[in-house]
A.B. asks: 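One structure is given below, represented as structure tokens, and several questions about it will come after.
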Amino acid sequence: MFENLTIKQAAQLLSEGKTTSQALTRYYLDRIAKYDGEIGAYLRTASEYALQRAKESDERRAKGTSLGLLDGIPFGVKDVILTKGIETTAASKILEGFIAPYTATAVERLEAAGAVMLGKLNCDEFAMGSSTENSAYQLTRNPWDTTKVPGGSSGGSAAALAADLAVFTLGTDTGGSIRQPASFCSVTGIKPTYGRVSRHGAIPYGSSLDQIGPMAKNSEDLTILLEVMSGPDGKDATAVDQEFSTFNTQLPMKGAKIGIPKEYFGKGLDPEVDAAIKAAIEKYRELGAEVVEVSLPHTAYAIPTYYLIVMAEMSSNLARYDGIHYGNSILRTGEQVDNLLEVYTRTRSQFFGPEAKRKILLGTFELSAGYYDAYYKRAMKARTLIKRDFDAVFKQVDVLIAPVSPFPPFAIGEKKDDPLSMYLADIYTVPANLAGVCALSTPAGFSSTNLPIGMQLIGPAWGETKILSAAQQFERATEYHKKFAQL
Amino acid sequence: MAFTQKDIEYAAQLSRITLTDEEKSEYLSQLSSMLGYFESLSELDLTNVEPTQQVTGSTNVWREDVADATVARDDLMANVPVTENGSIKVPNVL
């Protein structure tokens, strides 16, 4: 009864009285206890808290004051998102023991709708990475093949869905961190338009790129979640007031124009991924869409542009971890500390992981006197050109189809020692963050060794209903999102 | 433009991080190859292109300058590594 439930299926069981939120919550907590030792999706569960919230949900339902579709539905939250009273670490040792003093708006809104938080999910440290291997705490394994990575940085959020350890999860996406793990784990995930969801309570990585986004078992669930999560809250100056309607056929396929960006299908794309995306394109033709080749001419510059910008922004964002105000500190260790400077240098040196340090160093260097114009400023200008490419293309077509990752999930340890090769894997996802447009990943097939391959749908800014509608119609015509990992 | 040992030491000093010799040499080669790859941006003609700082187009998002106590002082102080009489305690600055 409980296997691989979507939000609507779970909500139906609850409203028909076939189960309770407490039973559902216990189902997931039991599964986490049974399977998560091997998968490693959760950093910590909040069982008492979850069961209490589930109890409150059941009581509301008994009184006839149920809050709606999400009331009583269990979910997990990526550990870069603050949850009051619960340890929040960003998967870094520098926030070990940090108890969040407030809850992120996105989570608050889901909880106000009655959803039941199960716990915090593993990720790359400070959301930096594409495999979750940069977590300072534990490895997360891909439930489809436990020798493979789940993707990153929201690897725990994706793996939890693939292993059926939650009905939905929250991730963040700065350069692909929702879409790529969704693709690697055969689940759905959306990076909203920049400014759609408040970043209040999301530990910042690249402030001009970050978005919190929902991850779930199908696009319909993403639509339900996005409606609850989106909109300004008065606490994020970059959140924009734009209506989000959940009518589900916002983009009928007959008459729709789908663009295939030619730069995304060249050298470096694994033939099996290429075949899966091409088959998906054919499916859209069958559904009645007109498919056209388009060009995003500055695609080759997206990786350098993205990394120069994100490293600069994160080096500034991570300056707050100083061992003084909160988080881990050399002052907690009992060691002799002679002066204030030592508090900073010894705390940061001891408790940041290598990827954090590398990026801080390069980000700091490129912002320093004499280098700012050559690197950061150039990258900001290149960003303008990349954004213009998307503005132009969306005058010609409604949505774009593209791969998410150049290859299916890779082996744990395979890319860890070659950071640059890991960065190059982000080629298809970073452009949407640079342009600020919306993009999602939905299952589109499997490799010859049964590894998931996701398809990316990219839409114009504020065009979430277009890509969600296109994804839903694809899901109705295919069975990929109904295939589940066997644990 | 080569990224040298001096550059990495300068960046480390600015960002308040101390590196071991092993970290210096490992990061030096990784960061050099990254910067080398990023040099491709010099191929672009960026004359008269305005930099994009953020994509929403919003400017000057204001609110009333009124203090609100939505985060409890005790919750904030509970995370401070060293306190004394309700204050944050730090070693000598000078």
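Numbers restart at 1 for each chain; the letters A, B, ... are given by sequence-line order, proteins then strands.
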A.B. asks: Measuring from A/Ile99:CD1 to B/Leu76:CG, what's the distance to the nearest 0.5 Å?
C.D. replies: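 CG of B/Leu76 is found 13.0 Å from CD1 of A/Ile99.
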A.B. asks: Among A/Ser208, A/Ala237, A/Gly436, which residue has the highest count of heavy-atom pairs closer than 4.5 Å to chain B?
C.D. replies: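 The answer is A/Ala237.
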A.B. asks: Side chain, backbone, both or neither: which part of A/Thr193 has a heavy atom under 4.5 Å from chain B?
C.D. replies: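 For A/Thr193, no heavy atom lies under 4.5 Å from chain B.
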A.B. asks: So for B/Ala78, is it side chain, backbone, both, or neither that comes closer than 4.5 Å to the heavy atoms of chain A?
C.D. replies: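 Answer is neither: B/Ala78 stays 4.5 Å or more from chain A.
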A.B. asks: Could you tell me whether the side chain of B/Asn92 reaches within less than 4.5 Å of the side chain of A/Leu340, counting heavy atoms only?
C.D. replies: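 A side-chain contact is absent here, since even the closest heavy-atom pair is not under 4.5 Å.
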A.B. asks: Roughly how far, to the nearest 0.5 Å, is CG of A/Leu367 from CG of B/Leu14?
C.D. replies: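 Answer for the CG-CG pair, B/Leu14 versus A/Leu367, is 10.0 Å.
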A.B. asks: Please classify the contact of B/Ile88 with chain A as side chain, backbone, both or neither, using a heavy-atom distance under 4.5 Å.
C.D. replies: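 The answer is the side chain of B/Ile88.
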A.B. asks: Is chain B contacted by the side chain of A/Lys84, its backbone, both, or neither, given a heavy-atom distance below 4.5 Å?
C.D. replies: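 For A/Lys84, side-chain heavy atoms alone lie under 4.5 Å from chain B.
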A.B. asks: Looking at A/Thr345, A/Asp338, A/Val437, which one has more heavy-atom pairs under 4.5 Å with chain B than the rest?
C.D. replies: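 Of A/Thr345, A/Asp338, A/Val437, A/Thr345 has the most heavy-atom pairs under 4.5 Å with chain B.
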A.B. asks: Tell me, side chain or backbone of B/Glu50 under 4.5 Å from chain A's heavy atoms, or both, or neither?
C.D. replies: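 Contact with chain A: backbone only.
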A.B. asks: Does A/Lys377 NZ have over 12 foreign heavy atoms under 6.0 Å away?
C.D. replies: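 No - once you tally the heavy atoms of other residues, nucleotides and ligands closer than 6.0 Å, there are 12 at most.
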A.B. asks: Let me know if A/Leu424 has heavy atoms under 4.5 Å from chain B in its side chain, its backbone, both or neither.
C.D. replies: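 A/Leu424 touches chain B through side-chain heavy atoms alone.
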A.B. asks: Could you tell me whether the side chain of B/Pro91 reaches within less than 4.5 Å of the side chain of A/Glu342, counting heavy atoms only?
C.D. replies: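 No, too far: nothing below the 4.5 Å cut-off.
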A.B. asks: Please report the interatomic distance OH(A/Tyr194) to CD(B/Gln54), rounded to the nearest 0.5 Å.
C.D. replies: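 The CD atom of B/Gln54 is 6.0 Å from OH of A/Tyr194, to the nearest 0.5 Å.
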A.B. asks: With rounding to the nearest 0.5 Å, note down the distance linking CZ in A/Phe352 to CD1 in B/Ile17.
C.D. replies: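 Going from CZ on A/Phe352 over to CD1 on B/Ile17, the span is 6.0 Å.
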A.B. asks: Over 60° means perpendicular and under 30° means parallel, so tell me whether A/Phe365 and B/Phe3 are parallel, tilted or perpendicular.
C.D. replies: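 Judged by the thresholds at 30° and 60°, the geometry between A/Phe365 and B/Phe3 is perpendicular.
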A.B. asks: Could you tell me which of A/Arg383, A/His298, A/Met380, A/Gln350 has the largest number of non-hydrogen atom pairs under 4.5 Å with chain B?
C.D. replies: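 Counting heavy-atom pairs under 4.5 Å, the top option is A/Met380.
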A.B. asks: Given a strict heavy-atom distance threshold of 4.5 Å, which part of B/Val82 is in contact with chain A: side chain, backbone, both, or neither?
C.D. replies: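 For B/Val82, the side chain is the part near chain A, not the backbone.
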A.B. asks: Just by distance, do the side chain of A/Arg378 and the backbone of B/Leu44 share a donor-acceptor pair under 3.5 Å?
C.D. replies: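 Between the backbone of B/Leu44 and the side chain of A/Arg378 there is a qualifying donor-acceptor contact (under 3.5 Å).
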A.B. asks: Do A/Tyr375 and B/Glu39 touch side chain to side chain, with heavy atoms closer than 4.5 Å?
C.D. replies: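 Yes, at least one pair of side-chain atoms sits under 4.5 Å.
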A.B. asks: What residue in A/Val240, A/Leu308, A/Val343 has the most heavy-atom pairs under 4.5 Å with chain B?
C.D. replies: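 Of the candidates given, the most pairs with chain B belong to A/Leu308.
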A.B. asks: Could you give the distance from OG1 (B/Thr18) to CG (A/Leu341), rounded to the nearest 0.5 Å?
C.D. replies: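 Answer rounded to 0.5 Å: 8.0 Å.
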A.B. asks: What are the two closest heavy atoms between A/Pro419 and B/Met34, and how far apart are they?
C.D. replies: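 Where A/Pro419 meets B/Met34 most closely, the heavy atoms are CB-CE, 3.7 Å.
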A.B. asks: Do B/Phe38 and A/Glu366 have side chains that get closer than 4.5 Å, going by heavy atoms?
C.D. replies: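 Not in contact.
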A.B. asks: Kindly indicate whether the side chain of A/Thr238, heavy atoms from C-beta on, has any atom under 4.5 Å from the side chain of B/Val61.
C.D. replies: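 In short, these two side chains do not touch, never coming nearer than 4.5 Å.
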A.B. asks: Given heavy-atom pairs under 4.5 angstrom as the criterion, report whether the side chain, backbone, both or neither of A/Thr384 touches chain B.
C.D. replies: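 It is both, since atoms from each part get that close.
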A.B. asks: Measuring from atom OG1 of B/Thr56 to atom CZ of A/Arg196, what distance do you get when rounded to the nearest 0.5 angstrom?
C.D. replies: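 If we round to the nearest 0.5 Å, B/Thr56:OG1 and A/Arg196:CZ are 13.0 Å apart.
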A.B. asks: Any residues in residues 317-333 of chain A near chain B, with a heavy-atom distance under 4.5 Å, and which are they?
C.D. replies: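 So far as heavy atoms go, A/Gly323, A/Ile324, A/His325, A/Tyr326, A/Gly327, A/Ser329, A/Leu331, A/Arg332 are the residues that approach chain B to under 4.5 Å.
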A.B. asks: Heavy-atom cut-off 4.5 Å, strictly under: side chain, backbone, both or neither for A/Tyr344 against chain B?
C.D. replies: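 Interface part for A/Tyr344: both.
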A.B. asks: Verify, without hydrogens or angle tests, whether A/Arg348 (side chain) and B/Ser15 (backbone) share a donor-acceptor contact under 3.5 angstrom.
C.D. replies: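 A pair under 3.5 Å: yes.
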A.B. asks: What part of B/Ser58 is in contact with chain A, defined as an atom under 4.5 angstrom from a non-hydrogen atom: side chain, backbone, both or neither?
C.D. replies: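 Contact with chain A: side chain only.
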A.B. asks: Using heavy-atom distances under 4.5 Å, tell me whether A/Ala435 contacts chain B through its side chain, its backbone, both, or neither.
C.D. replies: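 A/Ala435 touches chain B through backbone heavy atoms alone.
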A.B. asks: Only heavy atoms, only distances under 4.5 angstrom. Which residues in residues 21-28 of chain B are near chain A?
C.D. replies: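 Within residues 21-28 of chain B, the residues under 4.5 Å from chain A are B/Glu23, B/Glu26, B/Tyr27.
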A.B. asks: Using a cut-off of under 4.5 Å on heavy-atom pairs, state which of A/Thr364, A/Leu361, A/Leu434, A/Ile309 scores highest against chain B.
C.D. replies: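 Winner by heavy-atom pair count: A/Leu361.
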A.B. asks: Need one label for A/Asp417: side chain, backbone, both or neither, based on atoms under 4.5 Å from any heavy atom in chain B.
C.D. replies: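 It is the backbone, since no side chain atom gets that close.
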A.B. asks: Looking at A/Arg388, A/Lys381, A/Lys357, which has the largest count of heavy-atom pairs under 4.5 Å with chain B?
C.D. replies: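 The residue among A/Arg388, A/Lys381, A/Lys357 with the greatest pair count is A/Lys381.
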A.B. asks: With distance as the sole test, does B/Arg63 use its side chain to make a donor-acceptor pair with the main-chain N or O of A/Gly234 at under 3.5 Å?
C.D. replies: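 It does not hold such a pair.
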A.B. asks: Tell me which of these, B/Ile8, B/Leu46, B/Asp75, B/Val80, has more heavy-atom pairs under 4.5 Å with chain A than the rest.
C.D. replies: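 Among the listed options, the one with the most contacts to chain A is B/Leu46.
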A.B. asks: Determine the minimum heavy-atom distance between A/Leu420 and B/Ser33, stating which atoms define it.
C.D. replies: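 That would be CD2-O, 3.9 Å.
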